[in-house]
Structure formats: C-alpha cells, structure tokens
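In what follows, a structure is listed as structure tokens, so that the remarks can point back to it.
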Amino acid sequence: MRDPRYDILFEPVQIGPLTAKNRFYQVPHCNGGGYRDPSAAAAMRGSKAEGGWGVIFTEQCEIHHTSEITPFIELRLWEDKDIPMLRRMSETMKEHGALAGIQLAYSGVNGPNLYTREVPLAVSAQPIRTFTNDPLQARALDKSDIRDLRRWFVNAAKRSREAGFDLICLYGAHGFGIFQHFLSRVTNHRTDEYGGSLENRARFAQEVVADIRDAVGDAMGLTMRVSLDETIGDLGFSNAEVRDFVEMNRNLPDLWDLAHGTWEDCSGPSRFKEEAAQEALVRGIRDLTDRPIVGVGRFTSPDVMARMIKSGTLDLIGCARPSIADPFLPKKIEEGRIEDIRECIGCNICITGDMTMSISRCTQNPTFMEEWRKGWHPERMNAKGNSSNVLVVGAGPAGLEASLALANRGYDVALAEAGRVLGGRVARERTLPGLSAWGRVADYRDYQLRQKANVEIYFDSMLDANSILEFGFDHVCLATGATWRRDGVARQHVVPFPTNDALPIFTPDDLMAGRIPAGHVVIYDDDHYYMGGVLAELLVQSGCTATLVTPAAAVSEWTVNTLEQHEIHRRLAEMGVRIELNRGVTAIGADHVETNCVFTDRRQPMPCDAVLLVTSRQENNAVFGDLKSREDAWLDAGIRSVTLIGDANAPGPIAWATYAGHRYARELDGEDIGDALPFRREVTQLDAWKRSDPNA
Ligand code: ADP
Ligand code: SF4
C-alpha cells in the first residue's frame, strides 16, 4: 500500500466553495480532438478520473465567436448548442469524485478568426500573433467592447455551470489568453484606465472575476492561470511583476494556476528542460496569497511532488503530459505501485496532435485518445482470443509494447532480440545528447516484462525464416526495425545520387554505434525531425566542426510541432554549427559535397572531411519477405499469422512504433471487420436546412 511519505499528496484541498479530494491536478491540456471529437476527448478525461486525479480540466474553451484560433481545434462555448458536448465531458470527469474544470479563453491578439471571419478584438491594435504570422491585425477593444467582453465571460460562466462544471479557469498564460494580454505591456499599450500602471492593467481581470463571482461564485470555484514570466525582457510580464500582481490581488481567484511564459517554455521537452524546471520561478509566490497554488513541471516522481508540497512551493501538483503518459499516476502512487508508473519521456509528440490539428498521440501511452475511438482502456486489455502463443521478433519500442500488451491479454510470449539489450532504437538514441529520458520507453517495458510469468526473453537471437518456422508459434510478430540509408534517398532524391568513395560517408546508425568522423562534417538533413540537430550536437561534442545543410526553411523543421525548433536552432548556433537552409546536396565528391539552392538550383561546392546523411530509413523486412514467400509451410509449422509492425513496416517516430505494437496485441484473434472503419468516429449531426433562393 501507499508509502507514508506520499500521504501529503492525498490530502484534500479547498478551492473556493469546493474541495479537491487530493493534490493531483490535471491542468488544462489540448488533445487535437476538441470540438471535432468530443466523445473521444470526454472518454480521455474519464480515464483520468478513474486514475485518481482530484481535479481534471478541459483544454481551452473559446467563449465567443469573435475570438477563435482556427486551424487549431479546441473547445467552443459560443451558444447553448455547445452545452451538451461539454456536459458529456464534465460527467466523465466527475465519475470518480474529481472536480471538473473548464478553461475559458478569449484569444484576443492570438485569434485570427479564420473561421468566423470576425474582426479580431485585442487589448491594443496589433498584428495577430500566431505560429503562422497570419497577415492581419486586430482592432483595439473600446470601452463598450470591454463591457461586452465582460458579459461574454459571464454568459460562458453560466453555460459552464449548466454544463456541469465545478471550476472555471480564466486563461491568461502562455501568451494566449486575454488576461495576460491586459497584464503585459507587450500587448497592452492602452492609455486609459486599463493600461499603464500594473493596477490599471489588472483592472480587467478584477472586473471579470467580480462579475463571475456575482453570477456563479457560490457554486463554482474560480481559478486564474497566469504566466510566470514572459521571458521577453523588461517589456514583458516578468516574474517580478507576476509577484507584484499576485501580492496586490492576493485573494482574487480561489486558486492561482501558474504556468511558465510561452507555451514553448512551459511545455519544454526533456531535451531542454528538467523535471520541476519552473521551481525557482514559483518559489515564494505562495507567501503572497492565502489561496492555493498549482504549478507544473513535467512531474513524474512522487518524491519531487512531495517535496514541492512540503517545501511550501505548491499546494497542488499540476500535470498535463505526465497525466497523458499515465492517466493512473495518482492511483499507482496510492496503491504503492511506483514502478508501474509509465513516466512521460518529454518528447512532446502529444503536442504535435494539436499543432497538426489531427488527434494527439503519446509515445508512452498508445491508448491516449483511443479510449472511445477504439475502446482501449489505459490499464486493462481486452480478453485473450482463441490462440495461445506469440513469437515477437525484435525488442524495439514496437516489439516491447506488443509483448507487454500481449502478455497482459494472457498470451504466452517469446520475445527474441538479436542484440543484448531491450529497446532497439531507443537503446541507441537514449545515449544521444539530451535524449536520455527517452530511455524510459524501454525501462518501463523492461521492468514490466520481467514481472510476467508468461514472457520469455531471448537475447543474441538473430532469427531467420527457417528458425521461425521451426519454432512453430501460433503467431509471429516481426518488429525488426529499420536502418538509416547510406544512399541519400529521401525527399530531395527519390533515387540514389552520385557519391565518391574517397569521402567518408556516415549515417546516424554509424554515429550511434560509436563510429565518429573527424574534422569538418557536412550533415545533410533531409529527414527534418530531431536526428539531424541532435547529431550536430554530438559531432561538436566529439571535437568536429559541422555544417548542417537542409532543403527545409528551418533546422529540424518538423520540431515546430514539438515546440522545440527555436531552441534547437539557438543551441546549434551557439555551439558554432553553421546552418545552411533551403539548400540541398546533389553529389558527394572526393573532398566536398556539391550543394544546390532549392529555389534556383545554383550549385556550390562545400569542402568537408566527411558527410553525415540523415535522410530516410530502410525497413528491415527481409525475414518477413522470406516467410511470406513460404506461406505454404506455415500450416505444417502451426503458424496462423505473420505480421510486420513498427519501423520494419513503415519507419516513423517512436510513438508510431509503440502504437503499432499495442494495436497488434489488441487486435490479435479479433474478428475480421472487412472494409469497416477500425475506429469510432463522430459525425456532425445535420441541422434542419431548407434550400434558400436569394431571388425568391
Ligand atoms: P521499432 O521502432 O519498430 O520497435 P527498432 O529498430 O527500435 O524498431 O527495433 C528493432 C529491433 O529488432 C532491434 O533491437 C534489432 O536488434 C531487432 N532485430 C532486427 N532483426 C532481427 C531478427 N531477425 N531477429 C531478432 N531481432 C531482430
Ligand atoms: Fe510525455 Fe511524450 Fe507522451 Fe507527451 S507524447 S505525454 S511528452 S511521453
């Protein structure tokens, strides 16, 4: 049972008129589903309720049609029609005694209104500030607009109450919410009573809190989410000013929710930010108020959580990503099952679901956002099918997750691995600069698999088709991974390009195996995710100088979606890596690479001592091919199916591999659904409609 050191985490906390049952507080977080996938989002929140969280929040919910952040998909509370969808969410949140919270957002200068086509209203007239620098400006709110906006917040609060929520969070953090826009001199240039001094800049927050208290304050708790530090110099809402603001408005909300400056700061990946990275910014603020404080910091360790409370830094432990990676985190601490916590690795793949407007996924928790779509419970597997054993070949993320999920279903599993460690690509990549936390993908599954009586692990077992046919398992799951290509094929080159053997050519696999070049290295990055940038760091650490050449317009371009692109560029630039954007590599010579401008094709030689090709990966699917070509031998061998999964099937990020492994295990022995859709989907119900004829 529970370790008494963690008892403090299970104490109740008063939030206005309500009481949270414990200190575990799931702060608002996006999920890429929002208003498009309300039942999927509701079921996801429900899994956290079951997992023991004391407070569970929605993502940001847009309160009025004059401010929305299309193309991003969050929630909307624009009219009564939106209430049933939100009620479904609050009901799932409250199923196990958690308080259900809704985050109300008016995006002001962050809302381009691409969908509603309304003129954006902001604290001051400014260009819209979004990730995509949308080419339009916002008009400044005048006094009557401010009165309207106060009323819209009250309307949203009343609708939130009707939708069954207990808590309202007024969003003013990450540079996104109107409360921050009023508070910060970056976005507030007003000369009236809402601008200038901090007292004036705080006026709007005070007014809205008073309005909402009048409307719903006896029944609902009111929280305010503010940035801890805008990190943009004196002009921004600095940490010192945040402290002044809290001190001056001591008991304004029922709880202070403190989140670091920009979203990139707040949700920093493990590559750049440690657990509890915001501690110094939060420490001491609790003394400035009588209200409880919640803060975040990618908390996965119960010891760190307990320290945050005992040291008087926080009253509640705020978690977004740790609650995604393991919705049952509180329950596992309560039951003394610390080793069972599936720790967030800080890769920020979950954020890419929002950034790409798709639906979020999690590297560690493949069931995230599949709770309703596929009926996947984060802790419980479906019942075992009618066969009994499975041979899983390859112990990378795909093979490990398949083995664990299969074992949890009750199958006997043999996991064969060519090497001597578990983890596959993760075992190699965890040794790269900044990626050590990614090793948790392997560590968690390693420990879990070793607890299972129905799993045998075989190392030094490079299997071929013959040996697999000899074993005679019911099912064979091939998770044999992929190898980085040495021929330059990716996006710029769809067929191999001319190379000269005189120049040493390296791939990421070489570097991860310890074969490091010397001298000046050209990194040709036509992959665009993290690998090119990480290896640039490794090369510099190893004593090389490096030039990173990429046909993309930004270094590690796709990491815009993981909120780390800026930090990667900054780090490489500071390390002295030369960066050549919008430039490809057309040929490899004896002592140089030939580069080209992607716009003009103008060529330029670039002298170097070696070249590192970070291009694409080749599937290790030869064993699968051999087995397929001998399908007539399967019956005699007792084999019912052979399936290729993970990178061996189609290389992708680690999250794609754990998902593939989990899916394989879930669907084994399942019924043949033919051409049916393999997940549930919510389709908009059509409103009544009559063809209108403008000339009639
Ligand atoms: P994924 O990301 O799909 O899990 P990885 O590349 O991380 O793929 O892992 C693949 C694993 O499979 C590696 O650990 C590799 O050693 C192992 N492997 C590859 N081919 C074989 C084989 N024929 N027999 C046993 N293990 C193999
Ligand atoms: Fe953590 Fe990565 Fe999962 Fe996000 S996707 S919750 S960062 S493990």
Side-chain angles (χ1 to χ4, degrees), residues 1-3 5-6 51-52 270 275 298-305 319 321-347 362-368 376-381 390 392-431 435-461 477 479 646 654-655 657-662 664-666:
M1 284 313 285
R2 180 166 98 205
D3 186 324
R5 279 182 301 165
Y6 309 137
S270 55
E275 184 172 0
R298 214 176 60 249
F299 296 118
T300 57
S301 151
D303 290 308
V304 175
M305 295 178 193
C319 295
R321 289 169 293 173
S323 77
I324 291 172
D326 197 338
F328 277 61
L329 191 152
K331 199 156 228 179
K332 288 175 182 176
I333 299 175
E334 184 159 33
E335 293 173 355
R337 296 194 291 127
I338 306 298
E339 316 73 35
D340 291 341
I341 295 173
R342 207 167 35 237
E343 288 184 289
C344 168
I345 68 166
C347 61
C362 170
T363 303
Q364 279 285 61
N365 173 13
T367 68
F368 181 58
W376 290 359
H377 188 277
E379 292 296 304
R380 284 190 299 278
M381 292 297 291
V390 186
V392 178
V393 184
L400 287 175
E401 176 61 27
S403 301
L404 180 57
L406 285 165
N408 284 335
R409 269 189 81 182
Y411 290 93
D412 288 329
V413 179
L415 171 59
E417 164 57 45
R420 290 184 173 184
V421 288
L422 298 182
R425 62 181 288 188
V426 167
R428 295 189 294 278
E429 292 181 25
R430 71 187 303 172
T431 64
L435 302 190
S436 63
W438 292 20
R440 293 171 172 183
V441 172
D443 296 343
Y444 166 73
R445 289 166 181 83
D446 185 339
Y447 175 81
Q448 295 295 323
L449 286 170
R450 288 176 203 277
Q451 310 309 305
K452 304 273 172 213
N454 54 342
V455 176
E456 297 283 351
I457 300 174
Y458 301 93
F459 290 110
D460 294 319
S461 302
C477 171
I654 299 165
T658 51
Y659 182 83
H662 196 84
Y664 172 79
R666 286 272 179 185

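What you are looking at is a predicted structure, and each value in this text was computed from that prediction instead of being measured.
- Pairing each heavy atom of R409 with each of A665, the nearest pair is NH1-O, 2.6 Å.
- R321 and Q364 share no donor-acceptor pair across their side chains, judged by distance under 3.5 Å alone.
- L415 and G394 get closest at one heavy-atom pair: CD1-O, 3.5 Å.
- Rounding to the nearest 0.5 Å places CD1 of I345 at 6.0 Å from CH2 of W438.
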Run E334 and R2 through salt bridge (charged side-chain N to carboxylate O under 4.0 Å, His left out) and show every step you take. CA-CA 5 Å; E334 184 159 33; R2 180 166 98 205; 3.7 Å; yes

Report the C-alpha distance between F328 and D340 in whole Å, list the side-chain angles of each, state the deciding distance to 0.1 Å, and finish with yes or no for side chain to side chain contact (heavy atoms under 4.5 Å, CB included). CA-CA 9 Å; F328 277 61; D340 291 341; over 6 Å; no

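- With a 4.5 Å cut-off on side-chain heavy atoms, E456 and Y458 count as touching.
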Carefully, step by step, assess H662 and W376 under the rule side chain to side chain contact (heavy atoms under 4.5 Å, CB included). CA-CA 10 Å; H662 196 84; W376 290 359; 3.6 Å; yes

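- Once rounded to the nearest 0.5 Å, the distance linking CG of D303 with CD of E275 reads 9.5 Å.
- Using a 4.0 Å cut-off between charged side-chain N and carboxylate O, E379 and K332 make a salt bridge.
- Taking CD1 of I338 as the reference point, atom CG of D3 lies at 7.0 Å (rounded to 0.5 Å).
- Among residues two or more places apart in sequence or in another chain, the salt bridge (charged side-chain N to carboxylate O under 4.0 Å, His left out) test is passed with E417 by none.
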Checking side chain to side chain contact (heavy atoms under 4.5 Å, CB included) for the pair N454/V413: CA distance, chi angles, key distance, verdict? CA-CA 6 Å; N454 54 342; V413 179; 5.7 Å; no

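- Here CG of L422 is found 4.0 Å from CZ of F459. Values are rounded to the nearest 0.5 Å.
- Side-chain contact between P330 and M305: absent, with no pair of heavy atoms (C-beta onward) separated by less than 4.5 Å.
- Proximity of R666 to T367: side-chain heavy atoms (C-beta onward) are separated by under 4.5 Å at one or more points.
- The two residues I333 and P302 make their nearest non-hydrogen contact at CD1-CB, 3.8 Å.
- Using a 4.0 Å cut-off between charged side-chain N and carboxylate O, R440 and E343 make a salt bridge.
- Between P327 and N365, the closest side-chain pair of non-hydrogen atoms falls below 4.5 Å.
- Annotation: the span from L404 atom CG to T658 atom OG1 amounts to 11.5 Å, rounded to 0.5 Å.
- A salt bridge is absent between D412 and K452; no separation between the charged side-chain nitrogens and carboxylate oxygens falls under 4.0 Å.
- S403 and G399 get closest at one heavy-atom pair: OG-O, 2.7 Å.
- Atom NZ of K331 and atom CG of D326 lie 12.0 Å apart (nearest 0.5 Å).
- Nearest heavy atoms, C344 versus R298: SG-CD, 3.7 Å.
- Of all heavy-atom pairs spanning P397 and R425, the tightest one is CD-CG, 4.0 Å.
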